[in-house]
Amino acid sequence: MVYDLRDVVSVSSRASVRSTPSRRQHEVLAQSANPCDEDATHPFCVLTEAIELEYDGPLSGQDRIAGQGAAASSSPSGGSDGTRRRPPQQRHRLPPVVLRMPNTAFGIAMGLGGHAVMWKGAGSTFIQDYIDAKGLNYFFWLTGVVVGMCITTSYIFKALTGFQYIVDEFRNPGRIHFMNAPHLATIMLTLSVPSSMEPTATTLRAIWVAAFFLQTFLTQFVYEKWMFSKTGNIGVAQPPFMLSTVGWFLLAVLGYNAGISSAWGINLPAYCLGAGLMLYLIVVIAIFNRLHMTPQVKGSPALTLLMAPPSVAVVAIDLFDNDPAEFNVVAEVALGWSLLLVVILIKLGPSIAKRPAVLGAYWAYIFPPAALATATLRNSTMVGGTGADVFAMFFVSLATIALIVVVCRMCLHGIQCVRGNEDWSDPLFSMRMMAEMDSGTHLTVDEEEATADNDKEGDRSVKAEV
């Protein structure tokens, strides 16, 4: 059977349902020695490590108890009875990351595109008098294009050589939202094209149409999961859900710049803005209602995604106002909410010391602050007051500091990878790799679906919350 985070939790839950220890047994097991201390290759340890990396936090004592039972019952590679175990070096022998590029890596291109948009906006403000904002806009745009093309090439290679890994990401309730990242990065890089290379209106409309259909097509699967999935419904909303809403606001801005309404006689960008506003309200309330149940995400980079949609909405709302002499009051309301989110997130304390769970994980700290800085720059341009200028300068500086810190952290981890002390892990890839090593076969997508059908009846009797 293919190991996936959903399958692991389901197996763990079935194991705990079959034989539920008493309270006293729970206390004894919780205080007993961790099997990982004696044998890091124990299947329970491998599964636990993958789950902790995916959810960015340690498992509770009861979760570990259930996991030990599931690992012991489902692993063919050995246990505490002295049978054969996998050599330790095999667990860490992962192919180069360029051959198994995770979809989270597109967050790097999104971050660079966000900074390119920010510096393009700064080029028409007072900041240009002190810093070459136009030069920085060109640098980040060109870097974003090159990095985006490299990541896309690696991801296409991954799709051609191991399409089942793409299926794993699509089925995962968290990683499915990163399927939107490629066209989101494309929209931001289009918005940030340097003024000297500004594309024609026809080119902008062609890009908008392609991005609109991609956004509509991909999010239909996501929204269906929000309504009917047991593991990805709106009741278990997490910050990555924001990646399936921010695209509508970006489409609204790009559609306005492309003149869609005047050229086609239908204001599709405004429709996108309305869809984004409603979806954001639904998701942000669901996330806030559930955060107390997932304390491990406190300080997580994903939390920063909460302020990305309202920050982009600030620019979109003001553009649709069509009043170049005044900053729209509704845009000011959205900006106020974004600023409050910044205060809350700073109070929670960003966490960047731990090794990244997957390539691009910490780049969630980059795009949202850059989007907020762009919104404050828009406010500064329209209002023209000293206070607005100070606000804009502060958030541009904050976004720049965040970028420097994340790049340094990424380089540090990269050096450790080159030395062989670390690797660019991917919990989903590790799960599948471990399953194929255990079975000795390479499972196809059809075989996975057949296996899933065989296990469906057993899964129906278990109410497991992921």
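Positions are given from 1, in the same order as the sequence printed here. All heavy atoms count here, side chains included; hydrogens, waters and symmetry mates do not.
F367 pairs with exactly one of L243, V117, V312 by the side-chain contact (heavy atoms from CB on, under 4.5 Å) rule, that one being V312. The residue from I151, V147, L184 that alone fulfils the side-chain contact (heavy atoms from CB on, under 4.5 Å) condition with F106 is I151.
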Tell me which donor-acceptor pairs under 3.5 Å the side chains of residues 385-400 have, and how far apart each pair is, sequence neighbours excluded?
residue : atom : partner : partner atom : Å
D389    : OD1  : S380    : OG           : 2.4
S397    : OG   : M393    : O            : 2.8
T400    : OG1  : V396    : O            : 2.8

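Here side chain to side chain donor-acceptor pair (under 3.5 Å) pairs that include residues 303-322, with residues two or more places apart or in two chains, are Y256-N322, D318-R378, D321-N328.
Annotation: the span from E224 atom CD to N233 atom CG amounts to 12.5 Å, rounded to 0.5 Å. Atom CG of L372 is separated from atom CG of L377 by 9.5 Å, given to the nearest 0.5 angstrom. Summarising the geometry, atom CG belonging to L112 is positioned 11.0 Å from atom CE belonging to M110; distances are rounded to the nearest 0.5 Å. Taking CG of L214 as the reference point, atom CE of M179 lies at 12.5 Å (rounded to 0.5 Å). For the atom pair T104 OG1 and D426 CG, the distance stands at 6.5 Å (nearest 0.5 Å). Atoms OG1 and CG, from T186 and L191 in turn, are 11.0 Å apart once rounded to the nearest 0.5 Å.
Using cut-offs of 30° and 60° for the angle between ring planes, the H177 and W226 rings count as tilted. The aromatic rings of W337 and F288 sit tilted, their planes meeting at an angle between 30° and 60°. Note on ring orientation: taking the six-membered ring where Trp is involved, the planes of Y280 and F249 are perpendicular (angle over 60°, cut-offs 30° and 60°).
Looking at every heavy atom in both residues, F320 comes nearest to A316 through CD1-O, 2.9 Å. E169 approaches K158 most closely through the heavy-atom pair OE2-NZ, 3.1 Å. Closest non-hydrogen pair, L341 versus L306, comes out as CD1-O, 3.6 Å. Of all the heavy atoms in M101 and Y155, the pair that sits closest is O-CD1, 3.2 Å. Heavy atoms only, all atoms of each residue included: C272 and W208 are closest at SG-CZ2, 4.1 Å. Contact detail for L345 and P350: the closest heavy-atom pair is O-CD, 4.2 Å.
Atom CZ of F213 has 12 or fewer neighbouring heavy atoms from other residues, nucleotides or ligands inside a 6.0 Å radius.
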Stepwise side-chain contact (heavy atoms from CB on, under 4.5 Å) test for I108 and M410: CA-CA 11 Å; I108 301 175; M410 183 177 178; 3.7 Å; yes

Derivation of the side-chain contact (heavy atoms from CB on, under 4.5 Å) call for I282 and F241: CA-CA 11 Å; I282 294 172; F241 280 44; over 6 Å; no

side-chain contact (heavy atoms from CB on, under 4.5 Å) between L335 and T376, intermediate numbers included: CA-CA 8 Å; L335 182 58; T376 57; 4.1 Å; yes

side-chain contact (heavy atoms from CB on, under 4.5 Å) between H183 and L218, intermediate numbers included: CA-CA 10 Å; H183 73 267; L218 291 173; 4.0 Å; yes

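Put simply, the side chain of I234 does not reach to within 4.5 Å of the side chain of M227, judged on heavy atoms.
Under the rule for a ring pair (Phe, Tyr, Trp, His ring centres under 6.0 Å), F228 has no partner lying at least two apart in sequence or in another chain.
Checking H413 against E422 by side-chain atom types alone, no donor-acceptor pair falls below 3.5 Å.
For the pair R409 and Y362, the cation-pi test (distance below 6.0 Å, angle within 45°) is failed.
Judged purely by atom type and a 3.5 angstrom limit, S351 has no side-chain atom pairing as donor or acceptor with the backbone of S300.
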